[in-house]
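Just so we're on the same page: letters track the sequence lines, and every chain starts at 1. The structure presented is a predicted model; accordingly, all values stated were derived computationally and were not measured.
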2 protein chains.
Amino acid sequence: MAEDRRPYRRESQEQRREALIAAALELLAEGGPQAATVRAIADRAGITAGLIRHYFQSKDDLTRAAYAALMDRMTSESLAATESASDDPAARLAAFVAVSLRPPVMDGERVRLWAGFLHHVRRDPMMREVHEATYLGYRDRLQALIQALPGKADPATARALSIACNAVIDGLWLEGGTLPDSFAAGEVERIGLSAISAILKTPLPLPPPAPNSAEVP
Amino acid sequence: MAEDRRPYRRESQEQRREALIAAALELLAEGGPQAATVRAIADRAGITAGLIRHYFQSKDDLTRAAYAALMDRMTSESLAATESASDDPAARLAAFVAVSLRPPVMDGERVRLWAGFLHHVRRDPMMREVHEATYLGYRDRLQALIQALPGKADPATARALSIACNAVIDGLWLEGGTLPDSFAAGEVERIGLSAISAILKTPLPLPPPAPNSAEVP
DNA sequence: CTCCTTATTATACGATTGTATAATTAAGCA
DNA sequence: TGCTTAATTATACAATCGTATAATAAGGAG
């Protein structure tokens with residue numbers, strides 16, 4: 001009869017939502033869609049399963065929020081790289097490229113996380129919108145950096161160049177993330193910079209090396 | 001009492017396995033992992049669910065076979081492109097690149113299919129092996145084509161160049177497949193060829209246009 | 001201190017999952 | 001033709017899924 005009911009603390013709506021989103025992204029990254037069940041998500045977020053639906057209308061609703069949060073994080077990570085760089089357009093571009101080709105952006109779990117959302121993105125119009133906006137926003141940022149280079153001001157050719165450079169980044173991000181053992185340390189970054197330099201026919205400076213142990217999850 | 005048992009025909013093991021693999025790939029491409037249930041797969045293959053385990057030890061076993069079949073198809077599609085091309089090394093390379101950047105290789109469902117397997121690949125050692133072998137095989141093929149170009153015989157630099165060119169192809173394949181409306185007809189192919197031409201510092205001829213309506217699913 | 005709101009836990013429910021097994025029947029062989 | 005085998009269907013089962021609802025208690029208001 002002595003019922004042991006789990007003790008708990010009340011938290012703000014914002015904290016609970018963030019915890020649930022973080023838990024969902026972690027599980028999705030580690031084990032794919034099948035691992036991110038409502039019970040597993042709630043468990044990792046430190047609550048019981050029933051509470052999820054107190055903060056999200058449905059699991060799909062939580063999935064949408066998690067996807068939006070992921071895309072937000074990825075774009076902000078890239079943008080931060082250019083702001084901390086110098087004023088030289090070539091250096092800014094190099095920093096922008098480099099940050100995408102090393103951890104935590106270039107990472108196997110990140111790639112798998114992104115891949116796991118693809119099918120949701122196809123069906124859900126809201127997620128599709130976020131996907132397109134994120135991709136085009138990233139590419140526009142790249143195009144702006146390219147147009148800032150000397151002699152690359154023409155928008156029409158800059159568009160084609162930004163698509164090509166974006167492809168180099170995405171392709172290397174994919175391969176470096178999924179097959180990390182196939183590349184030497186820093187090789188992906190180096191190849192990416194020289195390829196983009198060749199595409200743009202513009203020399204690029206070597207960006208500063210990654211901070212050794214700045215980000216520990 | 002008059003039991004209406006579904007009529008059936010006995011088929012060869014090979015035919016049944018192929019039908020099951022094809023059905024699994026179709027469902028995986030259309031609706032992702034959650035859509036490819038054993039019942040749905042059996043239904044599309046024209047049999048009842050119980051029979052799956054007569055030809056595959058488990059669903060994971062079928063998944064493995066389906067992945068191997070997919071990778072096999074993708075590599076053979078790419079290899080076929082170079083064999084039908086002329087003897088000119090640059091033309092062969094251009095044909096190899098072009099076939100990867102237009103349907104049926106560059107296709108949204110194909111990308112989602114590939115992405116859906118990523119988490120399986122991570123866990124299953126057999127699938128991981130197939131994945132690495134396919135990727136490295138494709139890249140080796142690309143490297144061989146590059147080394148055949150005049151003045152590109154050095155293996156060390158050809159390796160870096162093939163990684164870069166492969167990234168261009170993969171990135172454009174990804175973006176063209178997932179965001180087909182963001183590109184004009186033939187634009188992806190054109191951008192890919194000129195980017196690779198710039199990376200290799202070698203002019204590439206325009207490959208023959210895709211046959212208009214050769215492949216109708 | 002007491003009451004009241006509601007965040008939270010606990011439990012239940014129907015649907016669906018992969019798997020296992022029994023019941024049938026198609027088709028080759030004597 | 002009749003027999004035999006195993007390919008195939010049909011059914012059952014435990015586990016787990018997302019969701020819904022009732023019971024409980026945390027924490028601020030008065």
Enquirer: Side chain of I47(B) only, heavy atoms from C-beta on: which candidate in dT5(C), dT19(C), dT9(D) is closest?
Expert: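 Output: dT9(D).
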
Enquirer: Among dT8(C), dT8(D), dC13(D), which nucleotide has an atom closest to any side-chain atom of R39(B)?
Expert: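 The answer is dC13(D), which lies nearest to the side chain.
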
Enquirer: Among dA7(C), dT19(C), dA23(C), which nucleotide has an atom closest to any side-chain atom of Y55(A)?
Expert: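 From the listed options, dA7(C) comes nearest.
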
Enquirer: Taking atom C1' of dT8(D) as reference, at what distance in whole Å does atom CD of E11(B) sit?
Expert: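 To the nearest whole Å, that distance equals 12 Å.
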
Enquirer: Figure out the CD1/C1' separation between I52(A) and dA7(C), and round it to whole Å.
Expert: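 One finds 15 Å between C1' of dA7(C) and CD1 of I52(A), rounded.
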
Enquirer: May I have the distance from R17(A) (atom CZ) to dA7(C) (atom C1'), rounded to whole angstrom?
Expert: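 Nearest whole value for this atom pair: 15 Å.
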
Enquirer: Does P7(B) or R53(A) map to a spot on DNA chain D nearer the 5' end, using the closest nucleotide for each?
Expert: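 In this pair, the answer is P7(B).
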
Enquirer: Hey, are E77(B) and R73(B) close enough for a salt bridge, meaning a charged N less than 4.0 Å from a carboxylate O?
Expert: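 A salt bridge is absent here (no side-chain N lies under 4.0 Å from a carboxylate O).
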
Enquirer: Could you give the CD1-to-P distance, from I41(A) to dC17(D), as a whole number of Å?
Expert: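 That distance rounds to 11 Å.
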
Enquirer: Please tell me which of the listed nucleotides, dT19(D), dG18(C), dT6(C), lies nearest to the side chain of V38(B)?
Expert: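 It is dG18(C).
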
Enquirer: For G50(B) and for Y8(A), find the nucleotide of DNA chain D with the closest heavy atom, then tell me which residue's nucleotide is more 5'.
Expert: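 Closest to the 5' end, via its nearest nucleotide, is G50(B).
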
Enquirer: In whole angstrom, give the distance that lies between atom CD of Q13(B) and atom C1' of dA27(C).
Expert: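 Distance, rounded to whole Å: 17 Å.
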
Enquirer: Among dA10(D), dA7(D), dT19(D), which is the nearest nucleotide to the side chain of R5(B)?
Expert: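 Closest nucleotide to the R5(B) side chain: dA10(D).
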
Enquirer: Do the charged groups of R122(B) and E30(A) touch, with an N to O distance under 4.0 Å?
Expert: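 Result for this pair is no, no salt bridge flagged.
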
Enquirer: From the set dA10(C), dA7(D), dT6(C), return the single nucleotide nearest to any side-chain atom of R10(B).
Expert: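 Of the options given, the side chain of R10(B) lies nearest dA7(D).
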
Enquirer: Between P on dT21(C) and CG on L51(B), what's the gap in Å once rounded to a whole number?
Expert: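 Taking atom P of dT21(C) as the reference, CG of L51(B) is at 17 Å.
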
Enquirer: Salt bridge between R9(B) and E11(B), side-chain N to carboxylate O under 4.0 Å?
Expert: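 Judged by the 4.0 Å cut-off on N to carboxylate O distance, R9(B) and E11(B) do form a salt bridge.
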
Enquirer: Look only at the side chain of E187(A) and the backbone of A184(A), and say whether a donor-acceptor pair between them is shorter than 3.5 Å.
Expert: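 At least one qualifying donor-acceptor pair exists.
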
Enquirer: Would you say the side chains of S162(B) and R141(B) form a donor-acceptor pair under 3.5 Å?
Expert: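 Note: S162(B) and R141(B) side chains miss the donor-acceptor criterion.
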
Enquirer: Whole angstroms only, please: what is the NZ-P distance between K59(A) and dT16(C)?
Expert: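 That distance rounds to 16 Å.
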
Enquirer: To the nearest Å, how far apart are H54(A) NE2 and dT11(C) C1'?
Expert: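 Value for this atom pair: 17 Å.
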
Enquirer: Could you work out which one of dC17(D), dA7(D), dT8(C) sits closest to the side chain of T37(A)?
Expert: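 The closest nucleotide is dC17(D).
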
Enquirer: When you measure only distances, ignoring hydrogens and angles, does the side chain of R9(A) come within 3.5 Å of the base of dA26(D) through a donor and an acceptor?
Expert: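 Absent.
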
